[in-house]
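Both ligands and their constituent atoms are indexed starting at 1 by order of listing. Count residues from 1 along the sequence.
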Amino acid sequence: MSDKIFIFDTTLRDGEQSPGCSMNLNEKLALARQLEKLGVDVIEAGFPIASEGDFEAVKTLAEELTEVVVCGLARTGPGDVSRAAEALAPAKRPRIHTFIATSDIHLEHKLRMSRDQVLEEVGRAVSQARGYADDVEFSAEDATRSDRAFLAEVFSVALEAGASTLNVPDTVGYTTPTEYADLIAYLKGAVLGSENAVFSVHCHDDLGLGVANSLAAVGAGARQIECTVNGIGERAGNASLEEIVMTLQTRPGVYGDVETGIRTTEIYPSSRLLSSVTGVQVQPNKAIVGDNAFAHEAGIHQDGVLKATITYEIMTPASIGRSSNELVLGKHSGRHAFRDRLEELGISLEGESFERAFVRFKALADAKKVIYNEDLEAIANDMMISVEERFELLDLVIQSGTGMSPEATVSLSVDGEKKATQASGVGPVDAIFKAIADVTQTGSDLIRYQVHAVTAGLDAQGEVTVTIEEEGRRVIGNGVHEDVMVASGRAYVHAINKLEWHKSRHQEEEPKGI
Ligand code: KIV
Ligand code: ZN
C-alpha cells in the first residue's frame, strides 16, 4: 500500500498574506468549497487572533465544511490559542496549528527569549491546544536556520505535550533540496517518539526551490506538504500545490511509494477561481496552470504532438481539468443545458447566483458567436465571488473618438437608490472611473488596471482587474464582460464594494501577518 501524502492547503492563510491577495468571507468560502472538491486534506482557513475578519472566516468555514480538516493558526500565547479554539468550535474536524520561532536569529532579534523559555512556551501552548482539540500541529518557525539539536528538542517537547503533526517550515526560503531532506531525516531520528508524528514541510519560494525542497523532504519521510494554489504567498510565495501534486502523479516512485488524495481534474478550476478572486493572473509560462503550459509553438514540436502526443507531452491538459476550447453552448441553449454544462465543468451555482449567471450567459450568447468553457467559468466565478454590494452599476454610456474628450455617463444604485452622473477623462476608462468615483464618493487611489482576454478571438470577453488603495488597505476588484468598458466599470465598482466591506468590518483591527 502506498503512503498517503497529506495536502495541507494554506492558500487562505499564508496565500492571503501576498500583497493584494486579501479575500473577503464570500471569496474564502467559495475557494474553500473548491478546495474541498479538489480533495485537499486540510484547509488552513486563517489566523483568528489577527482580525475579526479572520476569526469570522475560520468560524464560517468550520461551520460549513464537513469533509476536510479545518485549521486555524495561533502563536503560542494563551490568547491566540483560545481564540483559534473559539473560531474552530463548530468544526467537525478541527485542527489548531500553533507556532513559535526557533532560530537564534528570531529568538535574539524578534522574540527576545531564551531557548529554555521557548521550550516552556511550546509545551504550554500545545497542552492548552490539546485541551480544545485532538488534532494539534506545531510549527517551528524558521526551522531551517535553527540549531538542529535544539529543533529536535523543541519537537520532542511538542510531541510529548500532544502534538501529532510536526511542521518544519523553511520560512525564508533559504534551504536547498539535499539540505532539507537531510534535516527531515535527522529529525526523524532525533525527535523522541517521532514514529508517532507526521512530519510536515512548509516551503517558501525565495530561491525558486519551494517545490523541489518539499518533494525532497517527501523522499526523506515527510508525509504532509503545506502549499498554496498558484504558489501564492508571502514574498516570492509558497510551494505550489499543482506543481507538487502533478510531479508526484507524473513521476510515481521517484519520491517513494506515495500518493495524494487530490482530484487532479479540479486543479485548473481551482487555479482559475483563485485568479478571479485575487485578480492575480499566473504568468503565461507557469508550470501546469499557465496559459502556455500546454501550448506547442515550435513547428517541430507541433509536428511531433500531431503524430503522437507522448513525443512532447508528459501529462494531458484534461488530467488537470483544462478543457479544450470547444464550442459549448449557443444563444438558443436553455437553463437545462446551461446547468448541465456548468456541472460538467464542476461548477455548482444555486438559486439567485444561478439565475444571475444565466442572465449573463444569455447576454453573452447574444453578443458573441462562440462561447467557450472558459467564458462560462469566468461568468460563474464572477457570481461566486461577489460581495455584499452597497453600489451596483446599472447603466454605462460612453462617448469617445478622435478629436473629442471621452465622456462617460453612469448610473449606479447606492444603497438601493439610483444616482447618475457624467464625467470626462483622458481616456474612456478614466472618464468611467471619474464618474463612478463621484457617485460613490470613494477616497481610494487607483494602483493598477489590467485587462485579460478570457479566450482567443476578437469577440472574447474581457476580464478587467482593478487594484485600488485607501489608507493602506489594498483591494482588487474584477469584472467580466464582452465590452471591456463595461467590464472596467464593473471591476471598479466591485473593488469599491470590497473596500467598503473591509472598512465596515476591520475598523478596530491590529495589522495582520507574522
Ligand atoms: O512560513 C512560516 O514559517 C509559516 C508558519 C506560521 C508555518 O507560515
Ligand atoms: Zn509560511
Lys110/Glu141 under salt bridge (charged side-chain N to carboxylate O under 4.0 Å, His left out): CA gap, chis, key distance, verdict: CA-CA 12 Å; Lys110 185 181 86 174; Glu141 191 190 8; 2.8 Å; yes
Stepwise salt bridge (charged side-chain N to carboxylate O under 4.0 Å, His left out) test for Arg490 and Glu463: CA-CA 10 Å; Arg490 282 192 175 160; Glu463 186 173 28; over 6 Å; no
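- Residues Arg93 and Asp41 are not paired through a salt bridge, judged by the lack of any N-O separation under 4.0 Å between the basic side chain and the carboxylate.
- At least one cation-pi condition fails for Arg75 and Phe99: the charged atom is not both under 6.0 angstrom from the six-membered ring centre and inside a 45 degree cone around its axis.
- Near Glu141, meaning under 4.0 Å from any of its heavy atoms, are these atoms of ligand 1: 3 (O).
- With respect to the salt-bridge test (charged N to carboxylate O, under 4.0 angstrom), the residues Asp80 and Arg83 do not qualify.
- Below 3.5 Å of separation, one finds no N or O of Ser139 facing any N or O of ligand 1.
- Not close to ligand 1: Glu234, with no non-hydrogen atom less than 4.0 angstrom away.
- Under 4.0 angstrom from ligand 1, there are no non-hydrogen atoms of Gln17.
- Any N or O atom pair closer than 3.5 Å counts here, and Asp142 shares no such pair with ligand 1.
- Backbone and side-chain nitrogen or oxygen atoms of Thr171 are examined, and one is located within less than 3.5 angstrom of a nitrogen or oxygen of ligand 1.
- Under a 3.5 Å cut-off, the side chain of Ser200 and the backbone N or O of Ile225 do not form any donor-acceptor pair.
- Counting just the N/O/S atoms of Asp14, the one with the shortest distance to the Zn ion (ligand 2) is named OD2.
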Residue pair Arg263, Glu266: steps toward the salt bridge (charged side-chain N to carboxylate O under 4.0 Å, His left out) verdict: CA-CA 6 Å; Arg263 289 171 205 108; Glu266 293 296 336; over 6 Å; no
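- Geometrically, ligand 1 and His97 share no nitrogen or oxygen pair separated by less than 3.5 Å.
- Atoms of ligand 1 found under 4.0 Å from any heavy atom of Asp14, numbered from 1 in the order shown, are 8 (O).
- Checking only distances, His204 does come within under 3.5 Å of ligand 1, N or O to N or O.
- Put simply, the angle at the Zn ion (ligand 2) from NE2 in His202 to NE2 in His204 is close to 100°, to the nearest 10°.
- Checked options Thr228, Thr10, Asp14; the residue passing with Asn238 is Asp14 (criterion: side chain to side chain donor-acceptor pair (under 3.5 Å)).
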